[in-house]
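The figures that follow rest on heavy atoms only: side chains count, while hydrogens, waters and symmetry mates do not. All values derive from a computational prediction rather than experimental measurement.
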Amino acid sequence: MTPTTRVPKQNPNLISLGSIGDDGSKLILHPSDVRGPFTNWRRLSAVLLVAVYVALPWIPINGFPAVFFDLDERRFHFFGLTFVPADFWIAFFLLSGLGFALFFVTALLGRIWCGWACPYTVFLEHIYRRIERFIDGDAPARRKLDAAPWTSSKTLKRIAKHSLYLIVSATLAHIFLSYFVSLPRLWEMMHGSPTQNATSFGVVLFFTGALYFSFAWFREQFCVILCPYGRIQSALTDDNTVIIGYDEHRGEPRGKATDPNAGDCIACYKCVHVCPTGIDIRNGLQLECVGCAACIDACDEVMTKLERPKGLIRYDSMRGLDGKSTRWIRPRILLYTALAFLGAGAFAFSLSTVHDVSISVLRMRGMPYYVTDDAVRNQFQIRLTTKRNVDTTFALHLEDAPKTSFSVGLDEPITVQPQQETLHPFTITIPKEDYIGPFDVTLVSTSQPGGTTLNTTVHFQGPDPRLFETPIATP
């Protein structure tokens with residue numbers, strides 16, 4: 001469909017959006033500017049979220065960025081904690097906890113995530129559309145400019161706007177890449193030839209193009225067509241969920257402000273004009289509504305001018321809009337709360353098992369044990385791993401081993417370089433006369449700096465000890 005420059009229709013319904021023309025063509029939406037407390041709070045939250053996104057790669061913790069997916073070393077640094085691929089099972093509990101927390105928020109407050117914290121909404125409404133308003137003017141001016149013939153003024157404005165779109169898209173793409181390569185490495189790449197870092201250059205190029213396409217043209221269609229969250233919310237919400245709704249009892253029938261028989265709604269369509277997805281909130285809860293509260297501020301402004309109570313459009317539940325009390329505590333809220341705390345608790349417990357050093361024992365390839373004339377021997381390899389940014393020294397010794405057994409390879413401390421791992425062989429040997437069967441010993445590792453002590457169980461294997469018994473001679 002080719003976008004047209006006509007003004008979005010005034011009466012979007014539950015079948016067709018305000019961004020869809022009667023002939024099925026796409027209409028370019030130009031939401032009107034709106035002022036009010038919700039808009040101010042949303043802008044403040046957007047500034048904070050963008051600041052966090054930009055700042056995290058700059059904040060060093062333990063020698064690494066606060067959030068750093070180190071693809072080269074296959075490590076993930078998260079606010080001072082370092083995870084290796086073997087630790088990624090923890091992500092299951094983190095994602096499940098966050099998922100159920102989102103279910104809880106949705107069941108309680110509807111799509112507040114979409115309107116206030118979703119990165120797509122933040123970038124579109126508070127960066128790209130602010131650029132458009134700065135260059136092209138308010139909504140009527142933008143629509144007039146769209147319909148105007150191509151003049152030098154329009155051409156310059158289009159070049160300036162889309163140039164800024166590309167610059168912002170490239171900047172966001174580079175910041176995204178810095179989460180995976182670090183800022184110093186990114187700066188080094190930017191000063192080199194693209195062919196020297198073809199993969200990284202391709203990633204930046206792809207994301208720049210994707211961001212530009214999404215925010216310069218696709219815009220609200222992502223929320224309406226691609227994002228599944230609007231459809232999922234229908235299974236998560238109920239009549240007690242707080243949403244943005246229109247009070248029909250107070251607003252209907254619609255009419256002029258001077259009509260004594262009309263409701264409070266004067267059909268000014270300001271709620272439609274400010275909607276970023278082109279819906280009419282007065283038609284009820286719709287999956288296209290992102291919960292941005294722009295219609296609340298717009299309607300409250302009109303009500304203030306008419307000296308009527310605010311809240312014709314407000315945050316409320318369907319029961320509240322119908323004049324009934326909202327039930328805050330209900331089965332799905334309790335269920336989602338319990339599941340969210342369960343996921344968070346499992347994640348917290350999992351974190352307690354993660355250390356910045358690790359030790360594991362592997363049996364060497366070949367025979368599980370060796371029998372000599374006078375002893376039974378097992379051969380092992382220790383894998384020592386450090387996530388620290390400094391050399392780490394491991395002191396090793398065995399506990400709970402038979403008194404006559406002895407080990408080889410654990411006498412001297414072992415030093416592992418920063419962010420590396422090493423394999424170190426050792427053996428455990430026990431005389432035949434003292435061997436009474438397989439047994440377990442504890443390998444104790446103490447690492448410096450930090451003094452972290454880790455224990456791991458080593459299983460000593462051997463043959464049936466009865467094979468060593470001297471047969472009794474028969475007469």
Above 12 or not: heavy atoms from other molecules or residues under 6.0 Å from [atom1] of [X]?
X: F222; atom1: CZ; answer: yes
X: F206; atom1: CZ; answer: no
X: E433; atom1: CD; answer: yes
X: R365; atom1: CZ; answer: no
X: F349; atom1: CZ; answer: no
X: E399; atom1: CD; answer: yes
X: I436; atom1: CD1; answer: no
X: M367; atom1: CE; answer: no

Just by modelled atom types, is the [Y] backbone N or O under 3.5 Å from a matching donor or acceptor in the [X] side chain?
X: Q381; Y: V361; value: no
X: R332; Y: F104; value: no
X: R319; Y: S325; value: yes
X: T326; Y: W328; value: no
X: R42; Y: C292; value: yes
X: D322; Y: M318; value: no
X: R185; Y: V181; value: no
X: R314; Y: G311; value: yes
X: E421; Y: V416; value: no
X: R363; Y: H459; value: yes

Basic-acidic side-chain contact under 4.0 Å: D297, R35:
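Looking at D297 and R35, the cut-off is not met.
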Do NZ/NE/NH1/NH2 and the carboxylate oxygens of D70 and K387 come within less than 4.0 Å?
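No.
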Minimal non-hydrogen separation, [X] against [Y], with atom names:
X: G110; Y: T241; answer: N-CG2, 3.4 Å
X: G245; Y: L321; answer: CA-CD1, 3.6 Å
X: C289; Y: I281; answer: SG-CD1, 4.1 Å
X: T277; Y: E288; answer: OG1-O, 3.1 Å
X: D400; Y: V441; answer: O-CG1, 4.0 Å

Side chain to side chain donor-acceptor pair (under 3.5 Å) pairs, two or more places apart, involving residues 98-127:
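Output for this query lists T106-Y229, W116-Y315, E125-R129.
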Look at the aromatic rings of Y165 and Y128 and report parallel, tilted or perpendicular, splitting at 30° and 60°.
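Ring orientation of Y165 relative to Y128: tilted.
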For the atom pair CD1 (I414) and CG (L384), what is the distance rounded to the nearest 0.5 Å?
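Between atom CD1 of I414 and atom CG of L384 there are 5.0 Å.
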With a 4.5 Å cut-off on side-chain heavy atoms, are P463 and Y369 touching?
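Touching, per the 4.5 Å side-chain cut-off.
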side-chain contact (heavy atoms from CB on, under 4.5 Å) partner of K432, the single match among L467, T372, D374, V371:
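By the side-chain contact (heavy atoms from CB on, under 4.5 Å) criterion, K432 pairs with just one of L467, T372, D374, V371: V371.
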Checking side-chain contact (heavy atoms from CB on, under 4.5 Å) between H77 and each of F69, F83, F64, which is the one that passes?
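The residue from F69, F83, F64 that satisfies side-chain contact (heavy atoms from CB on, under 4.5 Å) with H77 turns out to be F64.
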Centre-to-centre under 6.0 Å for [X] and [Y], is that the case here?
X: F176; Y: F180; answer: yes
X: H162; Y: Y212; answer: yes
X: F78; Y: F76; answer: yes
X: Y336; Y: F100; answer: no
X: Y53; Y: Y179; answer: yes

Between R327 and N240, is the side-chain hydrogen bond (donor to acceptor under 3.5 Å, both in side chains) condition met? List the steps.
CA-CA 6 Å; R327 291 176 53 204; N240 291 283; 5.3 Å; no
Could you walk me through whether I243 and D316 satisfy the side chain to side chain contact (heavy atoms under 4.5 Å, CB included) test, starting with their C-alpha distance in whole Å, then the side-chain angles of each, then the deciding distance to 0.1 Å, before giving a yes or no?
CA-CA 5 Å; I243 58 170; D316 205 344; over 6 Å; no
